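I have placed the structure first, in the form of structure tokens, so that the comments after it can refer back to it.
Numbers here simply count residues along the sequence, with the first being 1. This is a predicted model, so every value here is computed, not measured.
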Amino acid sequence: MSRRHIHYEAAFEDYLRSRGLPYVPVDEHRKVIFAGARVKSFDFLVYRPGGKTWLVDIKGRKFPYDIGGNRRCWENWVTREDLDGLQQWQRTFGDGFEAVLVFAYWLTDASVAPPTPYVHPFRGEYYAFMSIRAEDYQAHCRPRSASWQTLALSTRNFRRLASPVQAA
């Protein structure tokens with residue numbers, strides 16, 4: 001099922017369970033073949049009351065993230081495979097489903113304001129969950145690394161387009 005040893009995914013699953021939201025974890029050890037090509041799996045199907053069912057790919061990131069002595073917040077990079085796979089799943093599932101990236105931010109420094117006032121405690125740590133529709137991400141992302149095939153949004157665009165999972 002979901003990779004419960006990955007704390008970001010386990011924290012999101014705990015959040016869903018604590019809110020009584022129906023969900024299905026997806027077996028990520030298998031890649032499905034569509035038209036002869038392997039497609040990356042997503043992490044959860046989340047049934048939202050009054051809204052479309054989410055096809056969720058969890059992206060775990062530290063908040064803030066220290067790199068080379070520089071403190072950065074709002075890390076939101078994904079791989080091209082992540083985005084392409086989610087979009088393929090949305091086309092396959094069709095109306096009533098929405099491909100969504102959920103950035104599970106592990107709040108590592110209490111002196112830094114979290115990305116949202118909604119903070120979820122899990123196993124002695126704290127997490128904040130920000131969601132963005134794959135379609136919106138695709139429309140505004142830019143290449144981050146050609147060799148790693150990664151994409152990212154500017155912090156300004158991410159903050160404008162993403163919303164707390166609780167508010168989506």
Side-chain angles (χ1 to χ4, degrees), residues 1-34 37-63 65 74-108 114-116 118-141 144 148-153 158 161-168:
M1 298 297 245
S2 66
R3 299 178 295 181
R4 288 180 179 84
H5 65 280
I6 298 176
H7 65 101
Y8 299 102
E9 292 178 19
F12 185 70
E13 186 170 11
D14 184 70
Y15 163 77
L16 295 172
R17 195 175 306 122
S18 74
R19 299 298 186 276
L21 293 170
Y23 69 94
V24 176
V26 175
D27 183 352
E28 295 181 50
H29 293 105
R30 300 182 184 167
K31 284 194 176 185
V32 176
I33 298 177
F34 286 114
R38 291 187 178 272
V39 177
K40 182 184 177 292
S41 295
F42 52 95
D43 299 309
F44 295 93
L45 269 172
V46 178
Y47 298 93
R48 297 173 44 244
K52 291 184 176 186
T53 299
W54 278 0
L55 308 167
V56 174
D57 194 4
I58 299 292
K59 299 288 131 204
R61 306 285 182 261
K62 290 181 181 180
F63 194 99
Y65 176 70
W74 301 101
E75 285 290 308
N76 66 71
W77 61 269
V78 301
T79 66
R80 169 57 64 194
E81 181 186 34
D82 294 333
L83 199 53
D84 290 348
L86 264 182
Q87 291 174 321
Q88 178 66 49
W89 284 111
Q90 184 167 326
R91 285 188 296 275
T92 301
F93 277 80
D95 291 340
F97 292 85
E98 187 168 56
V100 176
L101 293 158
V102 170
F103 288 85
Y105 287 113
W106 174 23
L107 307 177
T108 58
T116 170
Y118 305 104
V119 173
H120 181 73
F122 179 68
R123 296 182 185 160
E125 303 290 346
Y126 295 94
Y127 296 82
F129 305 110
M130 298 293 290
S131 65
I132 183 167
R133 296 175 344 140
E135 179 180 318
D136 292 336
Y137 194 97
Q138 174 67 46
H140 295 90
C141 68
R144 176 180 169 152
W148 290 92
Q149 291 292 298
T150 54
L151 308 165
L153 290 177
F158 185 77
L161 296 167
S163 61
V165 166
Q166 297 83 342

task: Decide if atom OH of Y126 counts as having more than 12 heavy atoms of other residues, nucleotides or ligands within a radius under 6.0 Å.
output: no

message: Can you confirm whether Y65 is buried at OH, in the sense that more than 12 heavy atoms of other residues, nucleotides or ligands lie under 6.0 Å from that atom?
response: no

field: Test side chain to side chain contact (heavy atoms under 4.5 Å, CB included) applied to Y47 - qualifying residues, sequence neighbours left out
entry: P22, V24, L45, T53

field: W89 side chain to K40 backbone, donor-acceptor under 3.5 Å
entry: yes

- request: Please list, chain by chain and in numerical order, all residues satisfying side-chain hydrogen bond (donor to acceptor under 3.5 Å, both in side chains) with W74, sequence neighbours excluded.
  value: none

Side-chain donor or acceptor of R80 paired with backbone N/O of W148 under 3.5 Å: no

task: Sequence neighbours left out, what passes side-chain hydrogen bond (donor to acceptor under 3.5 Å, both in side chains) with R48? Give chain and number order.
output: none

Test item: N76 side-chain N/O and A152 main-chain N/O as donor-acceptor pair under 3.5 Å: no

message: Within the 4.5 Å heavy-atom criterion, are L151 and R144 side-chain neighbours or not?
response: no

Note, Y8 side chain near Y127 side chain (heavy atom, < 4.5 Å): yes

message: Please check this pair: side chain of S131 against backbone of S163, looking for a donor-acceptor N/O pair closer than 3.5 Å.
response: yes

query: Excluding sequence neighbours, so at least two apart, what forms ring pair (Phe, Tyr, Trp, His ring centres under 6.0 Å) with Y15?
result: H120, F129

- line: So the salt bridge (charged side-chain N to carboxylate O under 4.0 Å, His left out) pairs with at least one residue in residues 129-139 (sequence neighbours excluded) are E98-R133, R133-E135, R133-D136

- request: Please answer whether the main-chain N or O of T79 pairs with a side-chain N or O of D82 as donor and acceptor at a distance below 3.5 Å.
  value: yes

query: For R91, which residues count as a side chain to side chain contact (heavy atoms under 4.5 Å, CB included) partner, sequence neighbours excluded?
result: Q87, Q88

- prompt: Going by heavy atoms in the side chains, are V165 and M130 under 4.5 Å from each other?
  reply: no

